[in-house]
Amino acid sequence: MWIIGLMLAMLAGWSVLRPWLPHSELAENNFQANLIRLQAWQLDPRPAAVLVGSSLTGRLLPRYFAGTPLGPVANLGLDGSGPEAGLRLLLQSSNLPPLVLIEGHRLAKNWSTNDDLLLAATQDPLFFASRWAPGLRADLRPSSILYSLLKRHSGGSATVATLLEPSTRVPIETPTSGWEERLKNLIDHLRGRGVRVCLYRLPAGRENLATGNAPDFIADLAQSWGIPYLAVDRECIRRGLVLTYSDGLHLTPDSARQTAIVLTELNARITSR
């Protein structure tokens, strides 16, 4: 009993200290990184906007939007998943944000066991216990805090952006039939509940469009669905930004910060029309 009592006392102390402790934005594995984002969305006050997508979007940390017209932002760019998982999670909420921005790169990603695991995690009793015992939150795991601090203060390796011909790009999995109808149905449900929805394309290294005039299926989808489209990648090129990637695909922190600014400004541009 004294061991249990000691553990509860330590948890209480850790929870009380949460406002003064550093919070991890990243984690040492994909599941914990996703858990940080999921808890921030479901347990923190309602944000002004939510980013929905894959690990590409996950690199746009919420603090990059602090103090901007788009903030505060919650990030449901989930590692190993696509927008469908984030949209389903959003629609479970009774307190939706006024704006949802959807990454287009993985719109057609097939549903997987990783998505089932993430949805199940949000129903775990410990997930909701974190609301009353913040010391249980994923962003306060000591190992994740240490990992996040190390990542923030390390330069890391980077590769400069390149434009690749279609034949040299890494192929993406073949989507199952009906994905467009599924996604449009989820988006229509959001719009029916008064949420403004936009699609966007990020700079993505080896998945960048071959040229500025190359066909863009995300833009075509946005037009057919009647929703705004933010070509963040092409705007970055127009501004002459030299972006770098940690692995040829995911933006490095400095480049992700620049990209977040471009996304914010493009959204403000269409909002003011």
Side-chain angles (χ1 to χ4, degrees), residues 25-44 46-47 49-62 73-97 99-128 130 137-139 144 172-193 195-202 204 207 217-218 221-222 225 227 230 249-251 256 263:
E25 302 168 302
L26 305 169
E28 64 277 22
N29 63 68
N30 289 348
F31 180 74
Q32 291 298 330
N34 286 336
L35 205 56
I36 289 170
R37 297 167 192 148
L38 292 171
Q39 289 179 333
W41 153 242
Q42 294 208 359
L43 304 181
D44 290 346
R46 188 182 79 157
V50 175
L51 306 180
V52 175
S54 68
S55 57
L56 296 171
T57 287
R59 299 304 185 269
L60 305 183
L61 301 180
V73 163
N75 190 320
L76 287 179
L78 303 173
D79 294 359
S81 293
E84 184 174 355
L87 291 174
R88 289 194 190 186
L89 287 165
L90 281 175
L91 287 168
Q92 292 175 1
S93 174
S94 59
N95 190 25
L96 291 172
L99 172 65
V100 171
L101 299 158
I102 304 173
E103 170 207 312
H105 298 267
R106 296 292 183 268
L107 280 175
K109 189 180 186 307
N110 297 328
W111 192 262
S112 68
T113 54
N114 181 65
D115 300 309
D116 290 326
L117 183 64
L118 291 177
L119 264 64
T122 63
Q123 304 303 316
D124 189 291
L126 284 177
F127 187 97
F128 291 101
S130 301
R137 288 184 59 151
D139 66 0
S144 293
I172 301 173
E173 63 179 337
T174 302
T176 56
S177 61
W179 69 267
E180 290 186 40
E181 184 179 352
R182 289 199 316 274
L183 266 292
K184 186 176 186 303
N185 184 54
L186 293 170
I187 289 171
D188 285 344
H189 274 82
L190 280 176
R191 298 172 74 188
R193 293 173 63 180
V195 177
R196 186 166 69 86
V197 177
C198 295
L199 284 179
Y200 64 91
R201 178 188 280 277
L202 290 174
E207 291 184 12
F217 87 95
I218 306 173
L221 272 180
W225 290 349
I227 58 179
L230 308 178
L249 181 66
H250 297 88
L251 291 161
L263 177 59

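Between the side chain of Arg193 and the main chain of His189, no donor-acceptor pair closer than 3.5 Å is present. His105 places no side-chain N or O within donor-acceptor distance of the main-chain N or O of Arg201, the cut-off being under 3.5 Å. Of the possible polar contacts, one joining the Asp115 side chain to the Ser112 backbone as a donor-acceptor pair under 3.5 Å is found. A donor-acceptor pair under 3.5 Å is absent between the side-chain atoms of Asp44 and the main chain of Gln39, judged by distance alone.
When side chains are defined from C-beta on, Pro83 counts as touching Ile102, because their heavy atoms get closer than 4.5 Å. Contact check for Leu87 versus Leu190: side-chain heavy atoms found under the 4.5 Å cut-off. Side chains of Leu199 and Leu107 form a contact here, defined as non-hydrogen atoms less than 4.5 Å apart. Residues Val50 and Asn75 are not in side-chain contact: their nearest non-hydrogen atoms beyond the backbone lie 4.5 Å or more apart. In this structure the side chain of Trp41 reaches within 4.5 angstrom of the side chain of Leu90, judged on heavy atoms.
Expressed to the nearest 0.5 Å, how far CG of Leu76 lies from CD of Gln42 amounts to 8.5 Å. Remark: Leu119 CG to Leu89 CG distance equals 4.5 Å, nearest 0.5 Å. To the nearest 0.5 angstrom, Leu96 atom CG is 6.5 Å from Leu91 atom CG. Between the OG atom of Ser81 and the CZ atom of Arg106 there is a distance of 11.5 Å, given to the nearest 0.5 Å. The distance from atom CG of Leu56 to atom CG of Leu249, rounded to the nearest 0.5 Å, is 5.0 Å. In this structure, OG1 in Thr113 is found 9.5 Å from CG in Leu118, a value given to the nearest 0.5 Å.
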Could you walk me through whether Trp179 and Asn110 pass the side chain to side chain contact (heavy atoms under 4.5 Å, CB included) test, one step at a time?
CA-CA 8 Å; Trp179 69 267; Asn110 297 328; 6.0 Å; no
Please evaluate residues Phe31 and Asn114 with respect to the criterion side chain to side chain contact (heavy atoms under 4.5 Å, CB included), reporting the C-alpha separation (whole Å), side-chain torsions for both, the decisive distance (0.1 Å), and the verdict.
CA-CA 9 Å; Phe31 180 74; Asn114 181 65; 5.8 Å; no
Could you check Asp188 against Trp225 for side-chain hydrogen bond (donor to acceptor under 3.5 Å, both in side chains), going step by step and ending with a plain yes or no?
CA-CA 9 Å; Asp188 285 344; Trp225 290 349; over 6 Å; no
Residue pair Val100, Val52: steps toward the side chain to side chain contact (heavy atoms under 4.5 Å, CB included) verdict
CA-CA 7 Å; Val100 171; Val52 175; 3.8 Å; yes
Could you go step by step and tell me if Leu51 and Glu103 meet the side chain to side chain contact (heavy atoms under 4.5 Å, CB included) rule?
CA-CA 8 Å; Leu51 306 180; Glu103 170 207 312; over 6 Å; no
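Looking at Arg37 and Asp79, a side-chain N of the basic residue comes within less than 4.0 Å of a carboxylate O on the acidic one, giving a salt bridge. Between Lys109 and Glu84 there is no salt bridge, since none of the side-chain N atoms of the basic residue sits less than 4.0 Å from a carboxylate O of the acidic one.
Open room surrounds CD on Glu181; 12 or fewer heavy atoms of other groups in view lie less than 6.0 Å from it.
Nearest heavy-atom pair across Cys198 and Leu99 is SG-CD1, 4.4 Å. Considering all non-hydrogen atoms of both residues, Leu78 and Gly86 come closest at CD1-N, 4.4 Å. Taking every heavy atom of both residues into account, Leu35 and Ala121 meet most closely at CD1-CB, 4.2 Å. Of all non-hydrogen atoms in Thr122 and Phe127, the two that sit nearest each other are O-CD2, 3.9 Å.
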